[in-house]
Number of protein chains: 2
Amino acid sequence: MGVFPFATSLEVTVARPRAVPRRVENPGPEEYSLQGVLEALADPVRRTLVAQLSRADEDMRCGTFDVRVSASTLTHHFTVLREAGVIRQYYVGTSKMNALRDADMEARFPGLLQALLAAEERERDAVVAPAR
Amino acid sequence: MGVFPFATSLEVTVARPRAVPRRVENPGPEEYSLQGVLEALADPVRRTLVAQLSRADEDMRCGTFDVRVSASTLTHHFTVLREAGVIRQYYVGTSKMNALRDADMEARFPGLLQALLAAEERERDAVVAPAR
DNA sequence: AGGGTTGTTCGATCGGGGTCGTACGATGGG
DNA sequence: CCCATCGTACGACCCCGATCGAACAACCCT
């Protein structure tokens with residue numbers, strides 16, 4: 001892909017070129033499938049990502065997730081989640097933000113994500129809080 | 001669910017000694033995990049099996065499922081579903097019956113199986129009944 | 001400008017799982 | 001008894017996906 005054809009004289013001796021923020025192609029609700037969602041959520045790493053995102057209750061940067069895989073692997077997992085429609089991604093400067101698309105999921109697969117997250121949390125609690 | 005209660009005293013005076021019916025080891029509810037269930041249901045073939053079982057609303061013999069895989073592959077899929085706790089299997093003569101463990105699933109992962117089956121049915125309907 | 005932070009891309013590896021065919025075992029009916 | 005039916009066991013194949021390291025690219029800040 002070509003770089004920028006310097007748009008003539010336009011801008012700008014500004015220190016901040018700013019330009020157009022990098023765009024991420026997030027699929028529309030009509031593009032994802034149950035198969036894709038289940039494949040995405042069948043992986044334990046991706047499930048922890050989603051769980052952390054849900055627990056945080058706000059969008060999270062890629063780097064702030066607590067998971068023990070390499071950066072490149074992490075990128076892969078986020079891509080899978082995004083293409084499945086589970087999360088939405090967008091750039092903020094050099095950071096990439098991740099948002100849980102829980103409303104879209106709920107609309108398309110009612111109850112599924114909620115049940116899944118609830119189950120995930122219950123298993124997590126069982127581990128965190130040992131049998132007494 | 002369980003069609004026959006197997007009330008022990010059944011012992012018919014059949015000509016055939018009958019012996020002990022072949023036993024199948026079905027895991028207890030404490031043995032299965034969310035991971036196992038999701039892995040099991042992430043496969044499209046297994047999901048159709050479960051969907052057919054749910055739709056039939058009664059236990060089904062292995063051979064009566066409508067799926068285009070070989071017999072040995074089918075055995076494999078049923079094994080995965082059973083070990084995940086999604087179905088229960090038991091022998092009846094030379095046939096093997098399959099029962100959906102929806103109550104156990106509901107107890108352990110509330111709403112999950114139902115949401116999944118509902119989503120599966122909706123996608124199926126969308127295919128069967130084309131866009132008008 | 002640099003430089004550091006953040007994330008991506010690419011290629012390689014490697015293990016797991018879905019698939020099948022064939023041979024086998026168990027059961028029930030003639 | 002023998003045979004047809006139903007499902008299993010085993011090995012082979014093969015593709016896909018999770019993983020990593022290294023090199024690169026975009027951005028922000030000083």
Side-chain angles (χ1 to χ4, degrees), chain A residues 1-4 13-26 35-49 59-84 87-98, chain B residues 12-26 35-50 59-65 67-84 87-99:
Chain A
M1 304 312 146
V3 191
F4 293 10
T13 54
V14 179
R16 315 243 142 291
R18 174 56 74 180
V20 182
R22 278 184 286 188
R23 279 287 165 183
V24 183
E25 2 51 41
N26 292 287
Q35 181 63 35
V37 173
L38 290 181
E39 282 176 2
L41 296 176
D43 183 276
V45 174
R46 287 193 287 267
R47 225 160 44 243
T48 55
L49 295 178
D59 301 357
M60 290 176 66
R61 297 192 2 250
C62 285
T64 62
F65 287 80
D66 179 23
V67 62
R68 301 187 308 152
V69 294
S70 71
S72 51
T73 299
L74 196 53
T75 295
H76 166 62
H77 284 310
F78 281 126
T79 302
V80 173
L81 286 173
R82 170 167 45 82
E83 294 184 342
I87 65 171
R88 191 173 59 87
Q89 293 192 293
Y90 58 94
Y91 276 101
V92 172
T94 174
S95 294
K96 203 173 199 173
M97 304 298 298
N98 299 275
Chain B
V12 198
T13 56
V14 178
R16 285 285 141 255
R18 165 69 69 192
V20 181
R22 279 183 286 186
R23 280 287 167 182
V24 183
E25 3 51 42
N26 292 286
Q35 181 61 36
V37 172
L38 289 182
E39 280 175 2
L41 296 176
D43 183 275
V45 174
R46 287 193 286 267
R47 225 161 42 242
T48 56
L49 295 178
V50 172
D59 300 358
M60 291 176 65
R61 298 193 0 253
C62 285
T64 62
F65 288 81
V67 63
R68 302 188 307 155
V69 294
S70 70
S72 50
T73 299
L74 197 52
T75 296
H76 166 64
H77 284 310
F78 281 126
T79 302
V80 173
L81 286 173
R82 170 167 46 79
E83 294 184 341
I87 65 171
R88 191 173 59 89
Q89 294 191 292
Y90 57 95
Y91 278 102
V92 172
T94 174
S95 294
K96 202 174 201 173
M97 304 298 297
N98 299 275

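Throughout, protein chains are lettered first and strands after them, A, B, ... in sequence-line order, and every chain is numbered starting at 1. Predicted model, so just to flag it, every value in this text is computed and none were measured.
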Interatomic distance, [X] [atom1] vs [N] [atom2] [rounded to whole Å]:
X: A:Arg22; N: C:dG7; atom1: CZ; atom2: C1'; value: 7 Å
X: B:Phe65; N: D:dC6; atom1: CZ; atom2: P; value: 15 Å
X: B:Phe78; N: C:dG18; atom1: CZ; atom2: P; value: 14 Å
X: B:Tyr90; N: D:dT8; atom1: OH; atom2: P; value: 14 Å
X: B:Met97; N: D:dG7; atom1: CE; atom2: C1'; value: 14 Å
X: B:Gln89; N: D:dC6; atom1: CD; atom2: C1'; value: 13 Å
X: B:Leu74; N: D:dT8; atom1: CG; atom2: C1'; value: 12 Å
X: B:Leu41; N: C:dG18; atom1: CG; atom2: P; value: 12 Å

Does the side chain of [Y] come within less than 4.5 Å of [X]'s, by heavy atoms?
X: B:Arg22; Y: B:Lys96; result: no
X: B:His77; Y: B:Val80; result: no
X: B:Leu38; Y: A:Arg47; result: yes

Could you go over nucleotides 16-19 of chain D and give all protein N or O partners under 3.5 Å, atom names and distances?
unit_1	atom_1	unit_2	atom_2	d
D:dA18	OP1	A:Arg46	NH2	2.7
D:dA18	OP2	A:Arg46	NH1	3.2
D:dA18	OP2	A:His76	NE2	2.6
D:dT19	OP2	A:His77	NE2	2.3

* Do the side chain of B:Thr75 and the main chain of B:Ala71 share a donor and acceptor less than 3.5 angstrom apart? ->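 Side chain of B:Thr75 to backbone of B:Ala71, a donor-acceptor pair under 3.5 Å: yes, one is there.
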* **Under 3.5 Å: donor-acceptor pair, side chain of A:Asn26, backbone of A:Gln89** =>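 Pair found, side chain donor or acceptor close to backbone of A:Gln89.
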* To do: Ignoring backbone atoms, test whether A:Thr75 places a side-chain nitrogen or oxygen under 4.0 Å from the OP1 or OP2 oxygen of C:dT8.
  =>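 Checking A:Thr75 against C:dT8: at least one side-chain N or O falls below 4.0 Å of OP1 or OP2.
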* Does B:Lys96 place a side-chain N or O at less than 4.0 Å from the phosphate oxygens OP1/OP2 of D:dT8? ->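 Yes, within the criterion.
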* Scan side-chain atoms only and decide if A:Asp59 and A:Tyr90 contain a donor-acceptor pair under the 3.5 Å cut-off. =>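 A donor-acceptor contact under 3.5 Å links the two side chains.
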* To do: Tell me which of B:Thr94 and A:Val92 sits closer to the 5' end of DNA chain D, going by the nucleotide each one is nearest to.
  =>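 Going by which nucleotide is closer to the 5' end, it is B:Thr94.
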* Considering residues at least two apart in sequence or located in another chain, which fulfil the side chain to side chain contact (heavy atoms under 4.5 Å, CB included) criterion with B:Ser70? ->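 Only B:Ser72, B:Thr73 meet the side chain to side chain contact (heavy atoms under 4.5 Å, CB included) criterion with B:Ser70.
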